[in-house]
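Working notes, structure below.
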Amino acid sequence: MTFIYFVLILGITVCIHEFGHFLFAKKAGIYCYEFSIGMGPLIKSWKRKNDETLYCIRAIPIGGYVSMAGEQIDDDDDVPKTKRLYNKTWSQRFMTIVAGVMFNFILAIVIFFIIGLFNGCPSKYAYISSLQKGMPAYSSGLQEGDKILKLNGKNTSADMLLLDLMVSKDKTVTLTVEHKNNEIENIKMKPKKVKGEYKFGFGIGRDVQKGFFAAIKYAFQNTISLVVQMVNILKYLFTGKLALNNLSGPVGIYQAVGETAKSGLLSLIYLLGYISLNVGFMNLLPIPAFDGGRLFFLIIEKIKGSAVSPKFENTVHSVGMCFLLLLMLVITYNDIVRIFFK
């Protein structure tokens with residue numbers, strides 16, 4: 001079942017992304033050779049009346065793709081120049097490329113709304129739910145029920161709190177909390193090293209609201225909060241506060257799916273929204289071979305008033321893809337070591 005869930009989650013995430021590209025390509029009048037659900041050997045294909053696109057279902061149910069004329073700047077004499085991607089207006093190309101990211105974000109927002117509607121909407125701020133005897137938090141002055149407002153003088157959400165505490169490692173931190181009597185207090189504590197990990201010894205909880213409008217608010221608030229978290233993860237990676245082995249690839253995601261499945265269907269649906277948001281966010285980054293890399297060249301074109309050399313752009317994307325594959329191999333290796341050898 002873990003394998004089935006894994007395939008469904010990745011398949012839906014990638015297909016919704018590619019469908020975004022496909023829909024806006026069609027809207028812009030770009031010739032699409034193929035729209036495929038799945039990868040690998042062909043199982044079934046068909047064409048619609050007055051539609052050049054070949055619709056396919058393929059054997060490996062992870063992802064999918066859309067093949068557009070002019071995407072790689074290769075000329076196809078059978079396709080009119082006016083129907084090639086690179087001959088479309090700047091805005092049409094921009095929307096076609098960014099549409100995949102848009103659809104990933106929309107999917108995440110819809111899922112978070114559904115989760116909020118059926119499972120309740122966790123509040124933005126966390127509170128102290130438990131204190132462990134013998135640990136720094138127990139003797140620090142923290143009390144169960146304290147609302148956590150800031151960490152080291154900066155506003156923090158429940159989503160960011162655990163990440164910020166993790167990267168603090170062995171440093172003293174300052175928690176700004178609101179006690180049940182509404183008193184605000186700054187509490188300092190230093191984590192204790194337990195079995196190679198730095199721990200403070202407190203658990204956190206979140207208040208839950210119910211209702212249609214609360215779910216709408218939660219869907220957008222949670223999306224923004226998670227995007228901020230992803231931005232901070234990148235910042236911590238570049239500054240060295242987080243190591244590369246903290247990232248997960250397909251093997252790590254597979255394990256996460258298995259663990260999440262134990263918590264029930266709604267948890268799996270939330271994970272789908274979270275992964276979709278991750279895919280959308282990563283594709284926005286100006287990395288060669290990603291959508292963000294292609295958008296970066298479009299922005300340069302807009303600034304300089306002329307297109308970047310197609311040959312140069314394709315070379316950059318090809319080199320970028322090689323580096324991304326190498327990075328994926330390193331992350332996968334780290335996943336295997338972390339899961340099976342620790």
Side-chain angles (χ1 to χ4, degrees), residues 1-17 19-20 61-62 101-132 144-149 151 155-166 177-178 180 202-233 248 250 252-282:
M1 288 307 299
T2 297
F3 177 75
I4 292 172
Y5 296 145
F6 174 76
V7 166
L8 283 173
I9 287 173
L10 286 191
I12 291 171
T13 300
V14 177
C15 279
I16 201 74
H17 180 94
F19 183 67
I62 297 180
V101 171
M102 285 169 47
F103 273 50
N104 279 131
F105 274 72
I106 291 169
L107 175 62
I109 290 169
V110 169
I111 285 174
F112 296 151
F113 168 74
I114 292 170
I115 295 294
L117 201 59
F118 288 95
N119 214 34
C121 311
S123 63
K124 180 181 177 181
Y125 293 103
Y127 65 85
I128 305 296
S129 62
S130 62
L131 294 167
Q132 187 179 345
E144 289 188 12
D146 284 350
K147 184 178 179 181
I148 303 171
L149 304 177
L151 176 66
N155 292 329
T156 184
S157 65
D159 293 316
M160 278 304 304
L161 180 63
L162 293 178
L163 176 64
D164 287 336
L165 288 174
M166 182 176 73
V177 299
E178 181 181 348
K180 288 183 178 179
F202 65 85
I204 62 171
R206 298 167 75 172
D207 292 324
V208 175
Q209 289 182 315
K210 299 247 182 185
F212 181 83
F213 293 106
I216 293 176
K217 180 181 177 181
Y218 168 71
F220 286 95
Q221 192 177 71
N222 193 50
T223 298
I224 293 169
S225 180
L226 289 175
V227 169
V228 171
Q229 186 185 68
M230 293 169 199
V231 170
N232 278 280
I233 288 172
S248 287
I253 294 171
Y254 184 87
Q255 186 199 30
V257 169
E259 291 299 316
T260 304
K262 297 174 184 177
S263 300
L265 180 61
L266 282 179
S267 295
L268 277 172
I269 294 173
Y270 182 90
L271 182 62
L272 169 59
Y274 181 77
I275 290 176
S276 182
L277 193 64
N278 266 270
V279 168
F281 175 79
M282 290 301 297

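Side chains of M230 and L277 form a contact here, defined as non-hydrogen atoms less than 4.5 Å apart. The shortest distance between side-chain heavy atoms of V101 and F105 falls below 4.5 Å.
Residues S130 and E144 come closest through the heavy atom pair CA-OE2, 3.8 Å. Among all heavy-atom pairs drawn from A215 and G116, the shortest one is CB-C, 3.8 Å. Between A219 and I109, the closest heavy-atom pair is CB-O, 3.4 Å. Heavy atoms only, all atoms of each residue included: K124 and Q221 are closest at CB-OE1, 4.0 Å. Nearest approach of V257 to F6, heavy atoms of both residues: CG1-N, 3.8 Å.
Between K147 atom NZ and I128 atom CD1 the span is 13.0 Å, to the nearest 0.5 Å. In this structure, the separation between OG on S157 and CG on L149 is 12.0 Å, given to the nearest 0.5 Å. For the atom pair CD1 (I4) and CD1 (I9), the distance works out to 12.0 Å, reported to the nearest 0.5 Å. Atom CG of residue L161 and atom CD1 of residue I148 lie 5.0 Å apart, to the nearest 0.5 angstrom. Atoms CE and CG, from M160 and L226 in turn, are 10.5 Å apart once rounded to the nearest 0.5 Å. Atom CD1 of I269 is separated from atom CG of N119 by 10.0 Å, given to the nearest 0.5 angstrom.
In this structure, F112 and Y218 have perpendicular ring planes: the angle between them is above 60°, well past the 30° mark.
Exactly one of T13, T260, L10, I16 qualifies for a side chain to side chain contact (heavy atoms under 4.5 Å, CB included) with L272. That residue is T13. When each of F212, F220, F118 is checked for a ring-ring contact (aromatic ring centres under 6.0 Å, His included) with F113, only F212 meets the rule. Between S276 and the choices V14, I12, L107, the side chain to side chain contact (heavy atoms under 4.5 Å, CB included) rule is met once, by L107.
No more than 12 heavy atoms of other residues, nucleotides or ligands lie within 6.0 Å of CD in Q209, so this atom counts as exposed by the packing criterion.
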query: Checking side-chain contact (heavy atoms from CB on, under 4.5 Å) for the pair Y5/L271: CA distance, chi angles, key distance, verdict?
result: CA-CA 10 Å; Y5 296 145; L271 182 62; over 6 Å; no
field: Full working for side-chain contact (heavy atoms from CB on, under 4.5 Å) between I111 and Y274
entry: CA-CA 9 Å; I111 285 174; Y274 181 77; over 6 Å; no
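Under the 3.5 Å distance criterion, the side-chain polar atoms of S129 are matched with a main-chain donor or acceptor of G203.
Here F202 and Y127 keep their ring centres 6.0 angstrom or further from each other.
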